[in-house]
S.K.: 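Quick one: the structure is below, questions incoming.
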There are 2 protein chains.
Amino acid sequence: MQKKLTINDIARMAQVSKATVSRVLNRHSSVDPVLRERVMDIVQQYNFVPNTIATELANGRTHLIGVLAPPLNWPAIPEILHGVSEHIEHTRYEIVLYSMNLERNHSDVLDRILAMRMVSGLLAILPGELADHLDTFFQQGLPLVMIDDQKEPTHIPWVGIDNFASAYEATSYLLQLGHRRIAHIMGPQHYYCVVQRLEGYRQALTDAGLQADPELLFQGEFEPASGRRCAETIFAQDQSAWPDAIFVGNDQMAYGVLEVAEAQKIQVPEAVSIIGFDDNLLSAHMRPPLTTIHQPFTEMGYQATQLLLSMIDPNYQPDNEQPTRIQLPTHLVTRVSSASTHPFSLKT
Amino acid sequence: MQKKLTINDIARMAQVSKATVSRVLNRHSSVDPVLRERVMDIVQQYNFVPNTIATELANGRTHLIGVLAPPLNWPAIPEILHGVSEHIEHTRYEIVLYSMNLERNHSDVLDRILAMRMVSGLLAILPGELADHLDTFFQQGLPLVMIDDQKEPTHIPWVGIDNFASAYEATSYLLQLGHRRIAHIMGPQHYYCVVQRLEGYRQALTDAGLQADPELLFQGEFEPASGRRCAETIFAQDQSAWPDAIFVGNDQMAYGVLEVAEAQKIQVPEAVSIIGFDDNLLSAHMRPPLTTIHQPFTEMGYQATQLLLSMIDPNYQPDNEQPTRIQLPTHLVTRVSSASTHPFSLKT
DNA sequence: TTGTAAGCGTTATCAC
DNA sequence: GTGATAACGCTTACAA
């Protein structure tokens, strides 16, 4: 790569000081139009662009934002990232992608990343266990936004959904279809969203005058295998004990349930209705297509980025009274995997 | 964010010069073990990490590699990126993600990116139209690797697959199933891979003693809609004119074909066998599951990164004789959408 | 309005 | 071996 021009070279050629070149480049008002033009001519002629690293060192701040993400082959992550990049490209910021593939990627890695002071803000996608650790950085003033976290709400700015209301909607929908024995396969209970979804499920049952049957509650791990395991447990029972609908805590586990149903020739939705949560890309293509709660992942990425950049803005005033929590609306997507109990009614 | 310690602070506290601190930090051999320890103690006590920006300015090189990618919601992109990050995390490099969402993102954007000198190398995923422009940067010495490009082979280091051989395999497989009237829906012809796939298709027919029928060649655009369009054209003809198998240029178009077949109640694979190309994530979940050629996208990302970093290595010697072209093996994935013409034979 | 010069936090080249 | 000191390329008081 040929040696690059510096601001000094431009200054020499335009016969001005480098301070003037800098002022021209940074659009400072107080500079003679004549000189300005002389400088700009040279700049354009040589297609000069100042060295970012030097600028950032002088300014003490970069135009990079770090994005801490789970492996990209996880569901929903590409969608979120897509939203992030859609916003970023309208700004002068760039994304530094920290993809945490290994389990060992823990706080020490995070420490180094932030100690290097390369990013001026951090977007943490599904931070999980890291949430507590991130908190200490936030306390120290690091602009930070979490997307769809999995912990108790903190004062860290956050973008996500209303898990309680969404689960309530999912369950109500099943009730409305006429189902009464509604099972729930939940995710790991140390996730806040899991607890919220469970609450929403219970509340919907209560409001319908029913009581949540502990026999119909199953523990999964948010992965297809755990969905399979729960489904096998369920369908191993006498058919009289089967639920007539299952609200599965996420789509991945629902895939496992559908797999078991297909293998055991249990008709979905005729024998049992299934509803998931997330609306991952595959869900519309399942056999049968999965009814689920749609999460606006791309929008989450977009809005989280917007929020983060506003926090980085020099004249940003944090609202210490009320933590910033953006809850995006979800919606129910009805597909084939759920149907009314009434055999003659049309599928809604 | 509290003011950070600098190498000067450490030097003062350890009562040495900052040069010594720098030497300790960079593992220079010539430094008294006693001093080394004194410095390291302070460093650890304060969890000191040198400012990356300053280091990079002094060194004249960064530890960032740029990744130029199409929108993340495109098929295969997340898989490639996942491969990239899997390699990157074992190194001291980080990824700067340039996601080109807008059509307008053209050479000028690229110019700025590279003029800023922030990245020490560039990975271009599906560069498409940008390939020519990238070439000029490569000429100027920018370490550059293209993944799965869509242009004539150049001397730019490249990672991809053998499209000719893969198409040959796909077509041969259909022939082997007993099909004789094999149609091909191809992508835009300005892509090199499209031409290669067409050649492979033709060669396989030729080698089987058949001649490619121009009536059975269709022009698509690599997107589901174009697949639908071609399928509608095909099935609008008298049934006697139908092909008994279709080799579709990529999975996305094959999805469109399957859609039309389902809508028109044309049995796949009984009435017509379908084979795609790519093995995108959805392909295994189509109705019916799509037979296709699997491309090792994650591996492509991994190997491209490895190659790029080796090129960035200071003691890298370019081989001007022979351009670096890594061709990764593909393989045929047989699923339900293809079957033997012989009605009584088992599906292979 | 413009130029001079002092940072920004490192690394690297010198002498010592 | 170690410590001054000059880069690295830019921004920004402060002077002029």
Side-chain angles (χ1 to χ4, degrees), chain A residues 1-40 42-43 46 48-64 92 112 114-120 314, chain B residues 1-40 42-43 46-64 92 114-120 314:
Chain A
M1 209 95 198
Q2 73 203 22
K3 212 162 287 101
K4 236 208 70 189
L5 292 179
T6 74
I7 205 177
N8 271 310
D9 301 318
I10 305 296
R12 192 167 23 75
M13 293 191 281
Q15 313 198 49
V16 295
S17 75
K18 60 188 219 181
T20 302
V21 177
S22 175
R23 282 190 277 257
V24 170
L25 257 17
N26 294 293
R27 297 181 169 63
H28 281 235
S29 46
S30 60
V31 49
D32 188 325
V34 179
L35 286 194
R36 165 191 305 291
E37 177 134 3
R38 210 158 80 208
V39 170
M40 283 311 278
I42 309 281
V43 164
Y46 290 94
F48 174 76
V49 178
N51 180 316
T52 322
I53 303 295
T55 307
E56 294 177 335
L57 178 60
N59 285 330
R61 58 188 296 247
T62 72
H63 282 104
L64 296 174
R92 34 186 321 213
R112 287 198 68 80
L114 296 172
M116 290 195 281
R117 331 220 93 207
M118 209 176 47
V119 299
S120 20
Chain B
M1 207 95 198
Q2 70 204 24
K3 212 162 286 100
K4 235 207 73 188
L5 292 179
T6 74
I7 204 176
N8 271 310
D9 301 319
I10 304 296
R12 192 167 24 73
M13 293 193 281
Q15 312 198 53
V16 296
S17 75
K18 61 187 213 178
T20 302
V21 176
S22 176
R23 281 190 278 257
V24 170
L25 256 18
N26 295 291
R27 299 181 169 62
H28 281 237
S29 46
S30 60
V31 48
D32 188 325
V34 179
L35 286 195
R36 164 191 307 291
E37 176 133 6
R38 209 157 81 209
V39 171
M40 284 311 279
I42 308 280
V43 165
Y46 290 93
N47 225 304
F48 173 76
V49 179
N51 180 316
T52 322
I53 304 294
T55 306
E56 294 176 335
L57 179 60
N59 285 331
R61 58 189 295 248
T62 72
H63 283 105
L64 296 174
R92 33 185 321 214
L114 296 173
M116 290 195 281
R117 330 220 95 207
M118 210 177 47
V119 298
S120 25

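Convention: sequence-line order gives letters A, B, ...; per-chain numbering from 1.
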S.K.: Strictly below 4.0 Å: does A/Ser17 bring a side-chain N or O up to OP1 or OP2 of C/dT2?
M.R.: no
S.K.: Quick one, A/Ile10 and A/Val16 - any side-chain contact, counting heavy atoms below 4.5 Å?
M.R.: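 No, side chains not in contact.
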S.K.: Is the closest side-chain heavy-atom distance between B/Thr6 and B/Asn51 below 4.5 Å?
M.R.: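 Not in contact.
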S.K.: Treat primed atoms plus P, OP1 and OP2 as sugar-phosphate and everything else as base, then score nucleotides 6-16 of chain C 5' to 3': B for base contact with protein heavy atoms under 4.0 Å, S for sugar-phosphate contact only, - for none.
M.R.: -BBBBBB----
S.K.: Can you confirm whether A/Thr62 sits close enough to A/Ile53 that some side-chain heavy atom of one is under 4.5 Å from a side-chain heavy atom of the other?
M.R.: no
S.K.: Of all heavy-atom pairs between A/His28 and A/Arg36, which one has the smallest distance, and what is that distance?
M.R.: O-NH2, 3.4 Å
S.K.: What are the 5'-most and 3'-most nucleotides of DNA chain D lying under 4.0 Å from any heavy atom of chain B?
M.R.: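 It runs D/dG1 to D/dG9.
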S.K.: Is there side-chain contact between A/Ser22 and A/Leu25, with at least one heavy-atom pair below 4.5 Å?
M.R.: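 Side-chain contact under 4.5 Å: no.
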S.K.: Is any side-chain heavy atom of A/Val24 closer than 4.5 Å to one of A/Leu35?
M.R.: no
S.K.: Please examine the side chains of B/Thr52 and A/Arg117, heavy atoms only from C-beta on, and report whether any two atoms are closer than 4.5 Å.
M.R.: no
S.K.: Quick one: does B/Asn59's side chain have a donor or acceptor within less than 3.5 Å of a partner on B/Arg61's backbone?
M.R.: no
